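Positions are given from 1, in the same order as the sequence printed here. Note: hydrogens, waters and symmetry copies are ignored here, and every other heavy atom, side chains too, is used. Because the structure is a prediction, the values reported are computed rather than measured.
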Amino acid sequence: MPKSRIRKKADYTPPPSKQATSIKLTSRGWVAPVMLAMFVIGLAWIVVFYVTDGSLPVDSLGNWNIVVGFGFIAAGFGVSTQWK
């Protein structure tokens with residue numbers, strides 16, 4: 001019986017190297033300080049409201065001071081979405 005032909009395998013050639021594309025990240029150094037400041041301001045607003053029995057920070061707002069404090073905290077979470 002005749003022998004089958006042996007196919008010669010080509011030598012391994014690595015795939016062509018891809019040129020590295022430079023990724024330019026914009027500077028977002030302002031995000032963390034602003035985010036933390038919003039959290040702290042919101043927390044401080046609510047704590048001051050409770051400690052002073054509602055007479056501070058803004059007496060005319062009454063219980064809406066809690067909403068203002070949570071608004072600052074929510075704004076901090078909104079700013080945190082810009083963090084990369």
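- When the side chains of ILVMFWY residues are joined at heavy-atom separations under 4.5 Å, either directly or via intervening members, Tyr50 and Val47 end up in two distinct hydrophobic clusters.
- Panel note: side chain Trp45, backbone Val68; no donor-acceptor pair is recorded below 3.5 Å.
- Heavy atoms of other residues, nucleotides or ligands lying less than 6.0 angstrom from CH2 of Trp30 number more than 12.
- Under the 4.5 Å side-chain contact rule for hydrophobic residues, Leu43 and Met38 do not share a cluster.
- There is no path of hydrophobic side-chain contacts, each under 4.5 Å, that joins Phe49 to Val51.
- A side-chain contact (heavy atoms from CB on, under 4.5 Å) with Asn65 is found for one member of Val48, Thr52, Val58, Ile46 and no other, namely Val58.
- The distance between the ring centers of Phe77 and Phe39 falls below 6.0 angstrom.
- Val34 and Ile73 fall within the same hydrophobic cluster, defined by Ile, Leu, Val, Met, Phe, Trp and Tyr side-chain heavy atoms under 4.5 Å apart, directly or through other members.
- Summarising the geometry, atom CG belonging to Leu56 is positioned 12.0 Å from atom CG belonging to Leu61; distances are rounded to the nearest 0.5 Å.
- Here the closest non-hydrogen pair linking Met35 and Ser80 is SD-CB, 3.1 Å.
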